[in-house]
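Below, chains carry the letters A, B, ... as their sequence lines are ordered, and counting in each starts from 1. Just the heavy atoms: all of them, side chains too, but no hydrogens, waters or symmetry mates, feed the values below.
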Amino acid sequence: MGILQKAAKIIFVSVPLILLGGCWDRTEVNDLALIVGLGIDQKKDGQIMLTTELIVPQAVGGGKMMGSDGGGGGVQTLARSGTGSTVADAISNLQEKLPRRVFWGHTKVIVFGERAAKAGIRQHLDFLSRNSQIRLRSNVLVSNGTAKSVFELTPPIEQSSAEVLRELSESKLLMRVTIKDALQMLSSDASAAALPMVKILPPEKGKKDLQTIAFIQRTAIFKKDKMIGDIDDKLTRGVLWLRNEIERANITVTLEGEKGNITSTMLRAHTEFIPKYEKGKWKMIVKATTEDDIILNGTKLDLLNPKYTKMIEKELEKETNERIKAALKKVQKEMKADIFGFADMFHRKYPREWNRVKNRWEEIFPTVEVIVKTEAYVRRPGVNSAPQGLPEQEVKQ
Amino acid sequence: MMEKGKISTAQMGIMMYPTIIATAILIVPAITARHAKQDMWLSPFWASLIGFLIVYIAIQLHQLYPQKTLIEYSEEILGKFLGKVVGLVFLFFYLHTSGIIIREYGEFVVGNFLLHTPLVFVMGSMILVCSFAVRSGVEVIARLAEIIVPVVIILILANIALLIPDMEVENIFPIMGKGIMPSLRGAIIPQGWFAEFLLIAFLLPYVADHHKGKKWGMISVTTVMLTLSFINIAVLFVLGGITSRFIYPAFSAVRYISIADFLEHIEAVVMSLWVAGVFVKIAVFYYALVLGTAQWLNLSDYRLIVFPIGFLLLLFAVWSASDLVELTHFLGHTSPFYRISIQLGIPLILLFVAKWRKRASHQKVTQQG
């Protein structure tokens, strides 16, 4: 047998073997239902209702010629639900109602209904992280109503509610939590979590009821895996400071003896935590630093004067301090949920002392003395110096 | 000699790199994390001590019997009967271990990507490809490794770099909060992988510049150690306390990569190159097994038994565990002791006996003279 014949034989056998290995469970794209958003609700009888937002594929180009009335781009979405005793059960129920096989690889957003959140989210998160298709990077949120209502909307700007929530999450104005983050918070020493909470924006006049979006407005606080309450956006910013996650914020202050407001915007911010254990007392020093630009000057002050900048910095420090303290009061003293991860910080610095009290952490946490120190630096007054629209003689130098 | 190819010591070192790394980055980080927690990055350092020791033993034995492989010189050291028995133990060990490696590969591919593809098919096609490489001899495997390894290293470093935005450095603290013990306990599993460096005992006889064997062996152990430690650090920084909850933490971390909503879902690229790494690993084990078997049976050519042994490997891969849980349990509990006793224990005995024999015969010579 010649070498060519031999080679031909080997190729004949091996090429199909190598290439066809993946064809065994091949699935064509047009057999898949691409799920972008997943909502988990709990009904009164304890049953889980799962709502999925899926993309309705249309022929590229052809869709427009048919004159689709969706308004948005070429892609439309559809919400469909299934029920069952667990999420996985609900999926098989949902699958019965779908001609295509569900595919989770594009799931970007997971929303828990308020009742489901209060009943406990651990088993749902387990499902989400165990599934090999769902990504740990998907955003996790809580709805202040049902999760279903969020996905039934037809948002005017983005193509789907899931996309709206993903963009909002990633803007990091308020909390942003991925599955990974949620799992880390729940399995940490603190065993408390905070998830962003969404609310449906009331539609504008003349628009249909569903033509609106859900937006992130509050923060849901979890102890263990059960939601125990929620805080508003202002307190949430304080929480973000305490989690060293704050990225964007505008702070408005007034100076003593001056009429009008000054608003600054945050360029950079950083929070440092110094855990202390002294004489059986747990203490946490929180040092928050922010760098700001002035974006609005309603006073008559010429902001190029360093004296005024110093005054503004003082006020900014005071304001930040108050925000942080307000968040501490609500979350630490009232809700008693360690969503800041103080437990882990103490554990890292004082492993031995921590091990002695770890079982009593829930009692200790509200008694931890938190000393908040803030520092603010105004870097530049925007592109203006003296206040605009004011006669020269009225400007205070 | 059966194998006529010659490789360089550098090639040997390069071959050994994926031979250790390829499966050590799958479930080992999770098992290490379970014991060592935030000290998991230290464990590869302790584990590598075994690697250095085994390279040293293999080099010493090689210097005593420069032209022979492990199977051949164990016969010479322990005598015909005992030597054959030890050889058989080694061959069974390599048959079993290769089966497990192939199974690990299959479980990973089927568990994450080809969910409905039969395991046997995934493993069978890999064995088939490897058997072609093995039939072509050590030179071909070495050259394949030379092509694949740089890409694998670049890929690992690139992935770690891409994970930087998601890293939280404080996850590493407290360093040795509970003393040195957790990190040592975490090292028990990876040392089983470092023990696989004994494979150089099958390669050294075919190395052209064998006086450099020690240097390249040590370089190889060091790079493996650093790679494993880097991977553990990266995974720890990204996943923190939940690292041990994943079966394949490094892979879960790679799936988490997302740069600017654009560079994401890159695990398919990682996967394809990782398969190339596993290919080298299986090929090296397979080669050692086939060569050893041929030498044990005193065959004139090892090529004849490549395919039959490939079939046996497939059977062992299927038999090695009934499911992933059993496989992980074996790797996490029994295998470290199993591996160390055969890959360190027996060679150590061989070395002692060989040294003692040499000395005895030397004395005899001097007495007679």
Side-chain angles (χ1 to χ4, degrees), chain A residues 10-11 13-27 101 105-106 108 125-126 129-138 163 166-167 170 178-191 244-245 272-273 275 341 343-355, chain B residues 37-39 106 108-129 131-132 135 166 168-179 182 238-249 251-258 260-261 264-265 267-268 275:
Chain A
I10 290 172
I11 288 169
V13 177
S14 59
V15 167
L17 270 180
I18 294 161
L19 294 181
L20 296 176
C23 293
W24 205 290
D25 59 346
R26 101 224 174 278
T27 312
R101 200 155 96 203
H106 294 277
K108 293 269 162 76
L125 285 175
D126 180 273
S129 118
R130 205 171 283 277
N131 187 307
S132 68
Q133 286 178 354
I134 295 176
R135 278 163 198 282
L136 289 176
R137 216 185 183 91
S138 311
E163 186 59 18
R166 188 187 72 83
E167 293 277 0
E170 272 163 27
T178 65
I179 296 180
K180 183 206 86 168
D181 299 332
L183 289 172
Q184 277 177 329
M185 283 191 268
L186 290 174
S187 51
S188 69
D189 293 321
S191 72
N244 191 17
E245 280 175 7
E272 197 187 337
F273 301 91
D344 302 80
M345 295 175 203
F346 284 123
H347 185 178
R348 281 176 194 140
K349 182 133 181 220
Y350 299 103
R352 251 172 253 138
E353 292 83 346
W354 158 259
N355 277 328
Chain B
K37 300 263 159 38
Q38 69 280 0
D39 289 336
F108 181 72
V109 172
V110 171
N112 286 292
F113 294 93
L114 310 174
L115 298 176
H116 300 284
T117 309
L119 193 57
V120 176
F121 203 83
V122 173
M123 300 190 299
S125 42
M126 180 53 113
I127 294 173
L128 187 72
V129 181
S131 59
F132 291 139
R135 269 177 72 92
D166 294 306
E168 282 161 41
V169 180
E170 62 265 25
N171 285 337
I172 204 172
F173 298 107
I175 292 173
M176 293 207 262
K178 284 183 183 162
V238 175
L239 296 176
I242 56 172
T243 307
S244 60
R245 313 280 171 98
F246 295 95
I247 292 178
Y248 310 112
F251 181 68
S252 292
V254 166
R255 275 173 64 92
Y256 199 69
I257 291 175
S258 167
D261 291 339
E264 47 187 16
H265 302 203
E267 72 266 16
V275 168

Checklist entry - So how far is it from A:S132 OG to B:L115 CG, rounded to the nearest 0.5 Å? => result 4.5 Å

Item to check | Atom of B:I242, atom of A:S187 and distance for their closest heavy-atom approach | outcome: CG2-OG, 2.8 Å

Item to check | Any side-chain heavy-atom pair of B:R245 and A:R130 under 4.5 Å | outcome: no

Checklist outcome for this item: Turns out that what part of A:R166 lies under 4.5 Å from chain B's heavy atoms comes down to side chain

Checklist entry - With side chains defined as the heavy atoms from C-beta onward, is the minimum distance between A:S14 and B:F132 less than 4.5 Å? => result yes

Checklist outcome for this item: In terms of heavy-atom contacts, B:Y256 and A:L136 come closest through CE1-O, 3.4 Å

Next on the checklist: Checking A:R348 now: which residues fulfil salt bridge (charged side-chain N to carboxylate O under 4.0 Å, His left out) with it, not counting sequence neighbours?
Outcome noted: none

Checklist outcome for this item: Rounded to the nearest 0.5 angstrom, the CZ-CD1 distance for B:R255 and A:I134 is 9.5 Å

Checklist entry - What distance separates B:S252 OG from A:K180 NZ, expressed to the nearest 0.5 Å? => result 11.5 Å

Item to check | Minimal non-hydrogen separation, B:G240 against A:Q184, with atom names | outcome: N-NE2, 3.6 Å

Item to check | Rounded distance [0.5 Å steps], CZ in B:F246 versus OG in A:S129 | outcome: 5.0 Å

Next on the checklist: At a 4.5 Å cut-off on heavy atoms, which part of B:I257 comes close to chain A: side chain, backbone, both, or neither?
Outcome noted: backbone

Checklist entry - What part of B:V109 gets closer than 4.5 Å to chain A, counting heavy atoms only: side chain, backbone, both or neither? => result neither

Item to check | chain A contact via B:E170 - which portion, at a heavy-atom distance below 4.5 Å | outcome: both

Next on the checklist: Could you walk me through whether A:R135 and B:E267 satisfy the side chain to side chain contact (heavy atoms under 4.5 Å, CB included) test, starting with their C-alpha distance in whole Å, then the side-chain angles of each, then the deciding distance to 0.1 Å, before giving a yes or no?
Outcome noted: CA-CA 11 Å; A:R135 278 163 198 282; B:E267 72 266 16; 2.6 Å; yes

Checklist entry - For A:I10, is it the side chain, the backbone, both, or neither that has a heavy atom closer than 4.5 Å to a heavy atom of chain B? => result side chain

Item to check | Which atoms of A:D189 approach chain B - backbone, side chain, both or neither, heavy atom under 4.5 Å | outcome: neither

